[in-house]
Amino acid sequence: DPAIVVQQVNPGEQVVALLFDDSLSMRIGATKGTSRGAALLNHYASRGESLEAELREQHRVLRYRLGDQATPLERVEDLDFAQRDSRLLEGIEQVLDDLDGTSVSALVLFSDGVQQSESITATLDDLATDIPIYTVGVGQQAPWRDVELTKVSLHDTGFAQRPVALSAELSAQGLAGESAVLEVRA
């Protein structure tokens, strides 16, 4: 039978919440042929236990996975980086709501920082909280190289084997001073 496992926090207990980005963007390659998610899991396997042990000396440590929503995470190894949405800020707000009434010392966010939701206008600075949020970046430090097709217009004459007029607007990030090739196929 399905069940929801909830960790209870005792009154007066100091909490540190560890938040892990479980979105598809964590499957993107990082370094040496490994994905961002795999790099996070490998690094956390070697250092996470000591981090959590040190935190547990004075805090209750809770783990959450972030995707389209925040859900409790029993083991970091259970991350599968399959969440289609990455709503980091909404997830942080949800965790803060879940922990409302408890004494939260800090949140630690492990993420590549890529939000994959339709409307993103807020930043960490916009969160209404005085609780420190520490971010641990996962992935390359180099800026994104991305080309986006923003507007396409096609004028078709309706006659077979006749030329058509195509116009497109492109937007690029991380390609300053470089050229890019746009290939159009019928």
Point-to-point distance, once rounded to the nearest 0.5 Å, from [atom1] of [X] to [atom2] of [Y]:
| X | Y | atom1 | atom2 | answer |
| --- | --- | --- | --- | --- |
| Leu62 | Asp98 | CG | CG | 10.0 Å |
| Ser103 | Ile131 | OG | CD1 | 8.0 Å |
| Asn42 | Arg47 | CG | CZ | 11.5 Å |
| Gln69 | Glu90 | CD | CD | 11.5 Å |
| Thr135 | Leu19 | OG1 | CG | 11.0 Å |

Does the side chain of [Y] come within less than 4.5 Å of [X]'s, by heavy atoms?
| X | Y | result |
| --- | --- | --- |
| Ile92 | Leu109 | yes |
| Leu96 | Leu107 | yes |
| Arg60 | Val16 | no |

Nearest heavy-atom neighbours spanning [X] and [Y]:
| X | Y | answer |
| --- | --- | --- |
| Leu88 | Ser111 | CD1-OG, 3.4 Å |
| Leu66 | Gln83 | O-CG, 4.5 Å |
| Ala17 | Val95 | CB-CG1, 4.2 Å |
| Val136 | Val108 | CG2-CG1, 3.9 Å |
| Val61 | Arg56 | CG2-CG, 3.7 Å |
| Asp22 | Phe81 | OD1-N, 2.6 Å |

Report task. Carefully, step by step, assess Leu79 and Arg65 under the rule side chain to side chain contact (heavy atoms under 4.5 Å, CB included). Result -> CA-CA 7 Å; Leu79 294 168; Arg65 74 173 69 220; 3.9 Å; yes
Can a donor-acceptor pair be found, under 3.5 Å and without considering hydrogens, that links the side chain of [X] to the backbone of [Y]?
| X | Y | value |
| --- | --- | --- |
| Asp21 | Ser23 | yes |
| Gln94 | Ala70 | yes |
| Arg27 | Asp80 | yes |
| Asp112 | Val138 | no |

**Report entry** Partner residues of Tyr44 under the ring pair (Phe, Tyr, Trp, His ring centres under 6.0 Å) criterion, sequence neighbours left out
**Finding:** Phe20, Phe110
Query - Audit row: Val15, His59, side chain to side chain contact (heavy atoms under 4.5 Å, CB included) steps and yes/no - result: CA-CA 5 Å; Val15 172; His59 301 88; over 6 Å; no
Requested in this report: Return yes when atom CD of Glu77 has more than 12 non-hydrogen atoms of other residues, nucleotides or ligands closer than 6.0 Å, and no otherwise.
Outcome: yes
Query raised in the report: Run the side chain to side chain contact (heavy atoms under 4.5 Å, CB included) check on Leu18 and Glu52 step by step: do they pass?
Result: CA-CA 9 Å; Leu18 304 178; Glu52 289 190 25; 3.6 Å; yes
Report task. Dump the intermediate steps for side chain to side chain contact (heavy atoms under 4.5 Å, CB included) on Leu73 and Asp78, then the final yes or no. Result -> CA-CA 8 Å; Leu73 177 65; Asp78 293 338; 4.0 Å; yes
